Asker: 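My structure is below; once you've seen it, I'll send some questions.
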Amino acid sequence: MKIFNTLSGRKETFVPLAEGRIGMYVCGVTVYDVCHIGHARSAVVFDVVRRYLRYKGFDVEFVKNFTDIDDKIINRARAEGASWDAVAGKYTEKYYADMHRLGVEDADVEPRATEHIKEIIELVAGLIERGHAYSIDGDVYFSVPSFPEYGKLSGRKLDEMLAGARVEVDPRKKNPMDFALWKSSKEGEPAWQSPWGPGRPGWHIECSAMSMKHLGRTLDIHAGGADLIFPHHENEIAQSEAYNSKPFVRYWMHNGFITVNKEKMSKSLGNFFTIQEILDIFDPEAVRLFLLQTHYRSPIEFSNEPLEEATQTLVRYYQGLERLDDFLFLSLPEGKKENCPPGFEDGILGGTPSGFKARFMQAMDDDFNTALAIGHVFELVKEMNRFLDQAPTGKKAKEFLLRAKEGLFEAAGVLNVFNRTPAEWQRALLKIKKIGLEVAGIERLIGERREARARKDFLRADEIRSELEQKGIALEDKKDSTAWRVKL
RNA sequence: GGCGGCGUACCCAAGUGGCUAAGGGAGAGGUCUGCAAAACCUCGAUGCAGCGGUUCGAAUCCGCUCGCCGCCUCCA
């Protein structure tokens, strides 16, 4: 299995520190506001990475933190007239609500910065002891020149960074690049007691302290959005490696951005779409598919159109699945003569190396190429349809298709897309398209129409059809039944 | 200014040295059907921003040009 490692800038063969076990840490969110689709991307992408590693048989310890104390939370609390911890609590809840709807699994450990003040203080004190940090008036700074390898993740050199510095430098720092490990608190701000006086942790130190506590000194995988590479992750490396004298992370993974009009979606530009407002119009599965149809390191241009296309794509998938289910459970009476169309065994439907499962794993093994993996899903769907077009009958054909379906379900479990039943999908569409009809009501009308058709009252039958059509439901007459679809 | 990425069919997108350049959406043709719709099948780039080079062979490697974007500041 290969993973693109930001540290080396290339794909590397993945070998965990301890055989069969993986410690993985993902930078979560600062809970000062609701999440936008960019946060969703990071969460969904690394959710799939985790699921795939588990699928491969690794014992994965997955840690994702919440930054629950920070300047932005304090400012937000002021703006909302609430306490800082009420703000953090509120947006933590909203985070969970969004992520659960998107099918993102909770982490094994979900540490909060404020629950690790003791570990953070130990770490800061240790860095001072080792000569990598210094305190001034209650603040503590990391001394960047004390760590010669600084810049190795983001690929920049110290002097270059100084030349491009765009931020006002605190004159008390020994070096302009030094960053805060501990910030003294002003009057009225949340504070914890420390050897340097009351204060709160700097942003970067919490991840070092928490990852070390929950996963040990060296992590297998550390992941987050590409905007965290500098300075956040660079600083984490400096702190952790200066303290431990050991490599901090073996594989760094970073996801690409969501853009709007080709520009990075961000709070400051105001061009962001919240998860909530997107899920108000689109099904979560369509959102997830949309995010996974592009490789995780490439940018994704956001707009409604691709989400509508993703919805249409899911229609194709669930149509195929329904057809398969119909075949497997309805139109395959026992005792019918055997007819298993030849020529499919060696293709994607078969269990050979060119079969679906092998291709799926090959795609995922190559730096989690979900876009290619999803492509294989639809190759399989197409081939399945072609197979069914041959009107197969009998036990052999059934077993053949059951195996194909099994492979599909394994992939669905990893992606957490394609994971519902066709009926569940239709119900979800009914809801998201805000069609004011119940399944029972639709089926009653279909029954009425069936009777009308039986007595050749096509006027009445067409009337019912157009009545449903107006409400957004299309009818499909099959051989001996009528199915309904939500129109898109 | 420094560092990095991207440019593949009408749209999205995979592919980073060698079989027919995946897959989805849209479109066209066909099958099915009381009619219809849907669904399914088929079709679709002699071509991979442009120009040059390396190679038996390049979308894929190298150089230059054009266009777009990111990081260097909080940011998923």
Side-chain angles (χ1 to χ4, degrees), chain A residues 6 9 11 26-30 32-33 35-46 70-72 151 154-157 159-168 203 223-232 234 254-259 261-269 272 289-290 293-295 297-301 303 305-306 308-317 319-320 322-323 348 359 363 366 369-382 384-386 388-389 453 456-459 461-462 465-466 469 474-479 482-485 487-488:
Chain A
T6 307
K11 286 182 198 172
V26 177
C27 279
V29 293
T30 300
Y32 76 104
D33 202 352
C35 292
H36 58 63
I37 185 73
H39 299 103
R41 183 179 194 188
S42 184
V44 166
V45 158
F46 296 119
D70 171 88
D71 288 0
K72 281 194 291 240
S154 51
R156 51 195 98 218
K157 298 185 178 71
D159 44 346
E160 284 168 0
M161 284 188 264
L162 289 177
R166 282 188 274 153
V167 78
E168 256 182 80
W203 175 35
D227 43 5
L228 297 181
I229 295 171
F230 190 90
H232 186 54
E234 195 70 74
H254 294 96
N255 66 274
F257 302 124
I258 303 246
T259 59
N261 295 323
K262 301 270 184 151
E263 273 184 320
K264 180 188 169 188
M265 183 183 290
S266 75
K267 282 282 168 67
S268 47
L269 285 169
F272 59 89
L289 180 63
F290 161 71
Q293 265 176 322
T294 301
H295 185 89
R297 285 188 283 114
S298 302
I300 301 182
E301 171 71 12
S303 70
E305 202 193 339
E308 279 155 11
E309 287 180 7
T311 309
Q312 187 59 51
T313 301
L314 284 169
V315 168
R316 175 170 167 80
Y317 176 79
Q319 288 278 3
E322 186 173 44
R323 189 174 176 202
I348 195 162
R359 289 198 215 187
D366 185 13
N369 194 338
T370 54
L372 183 58
I374 289 166
H376 293 324
V377 168
F378 284 96
E379 285 175 66
L380 181 66
V381 168
K382 179 182 273 187
M384 211 158 66
N385 278 319
R386 287 161 53 119
L388 290 172
D389 281 350
R453 290 180 77 206
K456 300 233 189 296
D457 182 357
F458 295 123
L459 213 68
D462 289 352
R465 185 166 64 197
S466 64
E469 177 105 21
L475 295 187
E476 287 175 31
D477 292 330
K478 298 189 192 177
K479 267 203 172 56
T482 298
W484 59 273
R485 308 268 165 236
K487 286 201 302 180
L488 293 176

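Chain naming here is simple, since letters A, B, ... match the order of the sequence lines and numbering starts at 1 in each. Both backbone and side-chain heavy atoms feed into the values below; hydrogens, waters and symmetry mates do not. Every value quoted in this text rests on a predicted model; they were computed, and no experiment measured them.
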Asker: Nearest to the side chain of His39(A) - rC35(B), rC74(B), rA76(B)?
Answerer: rA76(B)
Asker: I want to verify a distance call: between rA37(B), rG70(B), rA14(B), whose nearest atom is closest to the Phe257(A) side chain?
Answerer: rG70(B)
Asker: What distance, rounded to whole Å, do you find between the two P atoms, one in rA21(B) and one in rG44(B)?
Answerer: 11 Å
Asker: Given the structure, check if the side chain of Asp477(A) and the base of rC35(B) hold any donor-acceptor pair shorter than 3.5 Å.
Answerer: yes
Asker: Report yes if at least one side-chain N or O of Lys264(A) is closer than 4.0 Å to OP1 or OP2 of rC71(B); otherwise report no.
Answerer: yes
Asker: Look at the side chain of Glu379(A) and decide which nucleotide, out of rU73(B), rA22(B), rA38(B), has an atom nearest to it.
Answerer: rA22(B)
Asker: Do Asp462(A) side-chain and rG34(B) base share a donor-acceptor contact under 3.5 Å?
Answerer: yes
Asker: With a 3.5 Å cut-off and heavy atoms only, can you find an N or O donor on one side and an acceptor on the other between the side chain of Arg316(A) and the base of rG24(B)?
Answerer: no
Asker: With heavy atoms under 4.0 Å as the rule, sort Lys456(A) into base, sugar-phosphate or nothing.
Answerer: nothing
Asker: Could you write out RNA chain B as a dot-bracket string, with dots for unpaired bases, | for bases paired across to another strand, and Watson-Crick or G-U pairs counted at under 3.5 Å?
Answerer: ((((((((.[[[..)..(....]]].(((((.......))))).....[[[[[..)....]]]]])))))))....
Asker: Think Gln312(A) has a side-chain N or O under 4.0 angstrom from the OP1 or OP2 of rA39(B)?
Answerer: yes
Asker: Side chain of Arg156(A), heavy atoms from C-beta onward: which of rA22(B), rG24(B), rC72(B) has the nearest atom to it?
Answerer: rC72(B)
Asker: May I have the distance from Ile300(A) (atom CD1) to rC6(B) (atom P), rounded to whole angstrom?
Answerer: 16 Å
Asker: Can you figure out which of rC68(B), rA13(B), rA76(B) approaches the side chain of Ala371(A) most closely?
Answerer: rA13(B)
Asker: Contact class for Phe378(A) vs. all strands (heavy atom < 4.0 Å): base, sugar-phosphate, or nothing?
Answerer: sugar-phosphate
Asker: Closest nucleotide of RNA chain B for Val381(A) versus for Ser154(A): which of these residues is on the 5' side?
Answerer: Ser154(A)
Asker: Side chain of Glu309(A): nearest nucleotide among rA76(B), rC11(B), rG23(B)?
Answerer: rC11(B)
Asker: Is there a donor and acceptor pair, one atom on the side chain of Arg465(A) and one on the base of rC35(B), closer than 3.5 Å?
Answerer: yes
Asker: Would you measure the distance from the P atom in rC41(B) across to the matching atom in rU46(B) and give it in whole Å?
Answerer: 25 Å
Asker: Identify whether any heavy atom of Asp389(A) sits under 4.0 Å from a base atom; if not, whether one sits that close to sugar-phosphate; answer base, sugar-phosphate or nothing.
Answerer: sugar-phosphate
Asker: Between the base of rG24(B) and the side chain of Gln293(A), is there a donor-acceptor distance below 3.5 Å?
Answerer: no
Asker: If you assign each of Leu372(A) and Cys27(A) to its closest nucleotide in RNA chain B, which residue comes earlier from the 5' end?
Answerer: Leu372(A)
Asker: Is Asn369(A) near enough to rA14(B) that one of its side-chain N or O atoms lies under 4.0 angstrom from OP1 or OP2?
Answerer: no
Asker: Rounded to the nearest 0.5 Å, what separates atom OH in Tyr317(A) from atom CG in Leu380(A)?
Answerer: 8.5 Å
Asker: Show me the donor-acceptor pairs, under 3.5 Å and distance only, between side chains in residues 36-45 of chain A and residues at least two apart or in other chains.
Answerer:
unit_1	atom_1	unit_2	atom_2	d
His36(A)	ND1	Gly38(A)	N	2.9
His39(A)	ND1	His36(A)	N	2.9
Arg41(A)	NH1	Gly256(A)	O	3.0
Arg41(A)	NH1	Phe257(A)	O	3.1
Arg41(A)	NH1	Ser298(A)	O	2.8
Arg41(A)	NH2	His295(A)	O	3.0
Arg41(A)	NH2	Tyr296(A)	O	3.3
Arg41(A)	NH2	Ser298(A)	O	2.6
Ser42(A)	OG	Asn255(A)	OD1	3.2

Asker: With a non-hydrogen cut-off below 4.0 angstrom, is Gly320(A) in contact with a base, only sugar-phosphate, or nothing?
Answerer: nothing
Asker: Could one point to a donor on the side chain of Arg485(A) or the base of rA37(B) with an acceptor on the other under 3.5 Å away?
Answerer: no
